[in-house]
Amino acid sequence: MFLSLCLVSVGLFLSLPGVVSGELEPVPETEGLFQELRKKVNDLWQNLLYPQFIRDSDWTAYATCEMKPSSKLDADKPQVTGQILFKQSYPIGKLEAFFDLDGFPSENNQLGRAIHIHKFGDLSDGCNTTGGHYNPFNVNHPHHPGDFGNFYSKEGKIRKYKSNLSATLFGPYTIMGRSVVIHEQEDDMGKGNNKASLENGNAGRRLACCVIGICDKNMWENKFSKFVERKKRGSQNEHRSRPN
Amino acid sequence: MGCSVPGWAGSSPGLGLEFTVQMSCQGCVDAIGASLQGVPGLRVLDVRLDTQSVLLETSLGAEQVKELLESSGRRAVLKGMGGSMTQNLGAAVAMMAGPSLVQGVVRFLQVSQEKCLIEGTIDGLAPGPHGLHVHEFGDMTSSCDSCGEHFNPEAECHGGPLDEHRHLGDLGNVLADNDGRATFRLEDARLKVWDIIGRSLVVDAGEDDLGRGAHPLSKVTGNSGERLACGIIACSAGLFENPKQICACDGVTIWEERDRPLAGPGRRVPGQPAPHL
Ligand SMILES: [Cu+2]
Ligand SMILES: [Zn+2]
Ligand SMILES: [Zn+2]
Ligand SMILES: [Zn+2]
């Protein structure tokens with residue numbers, strides 16, 4: 001997008017060598033300066049009001065997180081991989097997310113596993129350096145913006161769409177550049193009757209984590225159209241199987 | 001905004017680093033003090049046994065200091081970093097990896113409104129200069145190919161870090177030595193940590209011509225070749241911003257996580273001493 005703009009200006013410059021090497025007329029010069037100034041002021045305002053990544057993509061922010069097993073995890077633990085995609089429209093849209101995770105034991109009646117946003121995206125010591133739950137408002141667990149609750153795997157996979165989430169991609173409390181962590185155990189949702197329960201839900205070891213990064217809309221749109229199709233097919237099948 | 005860095009009232013403009021270092025007795029504390037004594041460009045400010053923390057100020061890179069600390073046989077994890085200003089600015093880290101064997105750690109610190117410090121170590125490079133750029137997306141789904149183009153919110157052409165006309169993400173070149181390691185500390189007046197969180201850092205196979213070459217790609221990418229390694233620019237802790245030495249989710253210290261990775265029963269064996277290395 002910006003690339004092409006840049007090339008256009010290079011092209012203009014190259015196509016006008018005669019004008020450039022000749023005497024410069026003063027009028028376009030000041031006009032240019034004025035326009036440049038106006039553009040700068042305008043840009044400043046735009047940047048204050050709307051962060052760059054929203055303007056790049058139709059007033060909607062998209063993010064992705066590539067889940068990888070913690071580098072500090074034992075080989076006999078579930079090696080979880082997959083992707084979490086986020087979408088939020090500016091300024092009042094609520095965060096939506098697709099969770100696609102693989103690598104869980106395939107036996108059924110698995111317990112739930114907790115997924116949270118942690119404060120840092122620092123994976124320099126595996127998932128251990130991601131800090132605690134992201135807690136910008138100093139509240140108890142499970143009221144942190146990134147407390148996504150428990151997820152249940154089916155045939156070794158988690159496939160889940162969630163909407164109306166309270167975390168945000170915008171403003172001073174953005175989750176961009178922070179991490180998503182999946183734990184080995186179930187989140188007690190603050191009902192564990194101990195201090196840790198109100199901090200982290202006693203969800204146990206960190207199996208896998210990822211950094212939330214900016215992306216374009218393509219992956220979300222692909223995923224979403226497949227999701228809608230599946231839903232449609234699902235409801236048609238329901239109709240067909242219903243006895244008339 | 002975002003990943004804030006509580007101020008640190010150091011006297012010189014060095015980098016403040018706070019490490020968690022595995023140590024269990026006063027002997028370890030003394031040994032660490034001794035091992036860092038006399039290292040040029042490094043000043044130990046505080047070593048604490050109770051919190052297993054080492055605070056120091058240095059002109060060296062964080063990875064270099066970590067290696068120095070670990071050379072004494074003790075594990076060290078960077079807990080936070082900060083500058084000498086007392087403002088809440090920003091800190092970030094990019095873990096570099098990719099399709100090649102090239103890997104590294106690069107840290108960003110917003111030292112003041114006009115100064116972003118970028119310091120890192122990247123290994124596995126061919127000796128010589130390599131282009132280094134911030135790219136627009138923090139998307140590794142197709143490794144470094146999904147990182148998008150150079151971060152360029154001002155619709156400029158590619159340039160060098162000191163040029164007026166440049167992509168904001170143009171950081172020029174880093175130089176790999178004969179062992180294939182690039183150790184660098186750059187300062188950039190235009191880049192702001194809060195603008196690049198969630199984007200990516202990419203190191204390229206060749207030299208960035210800073211937009212001055214004859215190749216058609218010169219004004220686009222600096223013609224610096226294929227992308228060797230990349231990492232998402234992620235929020236990291238400022239000094240003292242990560243007060244717990246334990247991993248907050250389940251109450252075990254990071255050493256237990258690393259050395260006794262047990263879950264379930266027997267997880268919290270009381271009074272078991274940390275290994276004395
Ligand atoms: Cu968690
Ligand atoms: Zn929580
Ligand atoms: Zn590049
Ligand atoms: Zn560039």
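- Sparse packing is recorded around CG of Asn193(A), with 12 or fewer heavy atoms of other residues, nucleotides or ligands lying under 6.0 Å away.
- Contacts of residues 63-71 of chain A with chain B at a heavy-atom distance below 4.5 Å involve Thr64(A), Glu66(A), listed in sequence order.
- To the nearest 0.5 Å, atom OG1 of residue Thr129(A) and atom CG of residue Leu78(B) are 9.5 Å apart.
- Separation of atoms CE (Met219(A)) and OG1 (Thr141(B)) is listed at 4.0 Å; rounding is to 0.5 Å.
- Around the CD atom of Gln103(B), the shell of radius 6.0 Å holds no more than 12 heavy atoms that belong to other residues, nucleotides or ligands.
- Among all heavy-atom pairs drawn from Ile212(A) and Ile232(B), the shortest one is O-CG2, 4.4 Å.
- Residue Asp125(A) holds its CG atom at 6.5 Å from NZ of Lys66(B), rounded to the nearest 0.5 Å.
- Put simply, the side chain of Ser124(A) reaches to within 4.5 Å of the side chain of Met95(B), judged on heavy atoms.
- Residue Arg199(B) holds its CZ atom at 8.0 Å from CE of Met176(A), rounded to the nearest 0.5 Å.
- Shortest non-hydrogen contact noted between Ala234(B) and Gly121(A) is CB-O, 3.1 Å.
- In this structure, the portion of Val93(B) lying under 4.5 Å from any heavy atom of chain A is its side chain and not its backbone.
- Scanning both residues, Ser236(B) and Asp122(A), for their nearest heavy atoms gives CB-OD2, 4.0 Å.
- Heavy-atom contacts from other residues, nucleotides or ligands closer than 6.0 Å to CG of Leu101(B) number 12 or fewer.
- The candidate from Val211(A), Leu123(A), Thr130(A) with the greatest count of non-hydrogen atom pairs under 4.5 Å with chain B is Val211(A).
- One finds the OG1 atom of Thr20(B) at 11.0 Å from the CG atom of Asn128(A) (value rounded to the nearest 0.5 Å).
- Every residue two or more places apart in sequence or in another chain that forms a disulfide bond (SG atoms under 2.5 Å apart) with Cys230(B) is listed here: Cys144(B).
- Taking every heavy atom of both residues into account, Cys215(A) and Phe137(B) meet most closely at CA-CD2, 3.7 Å.
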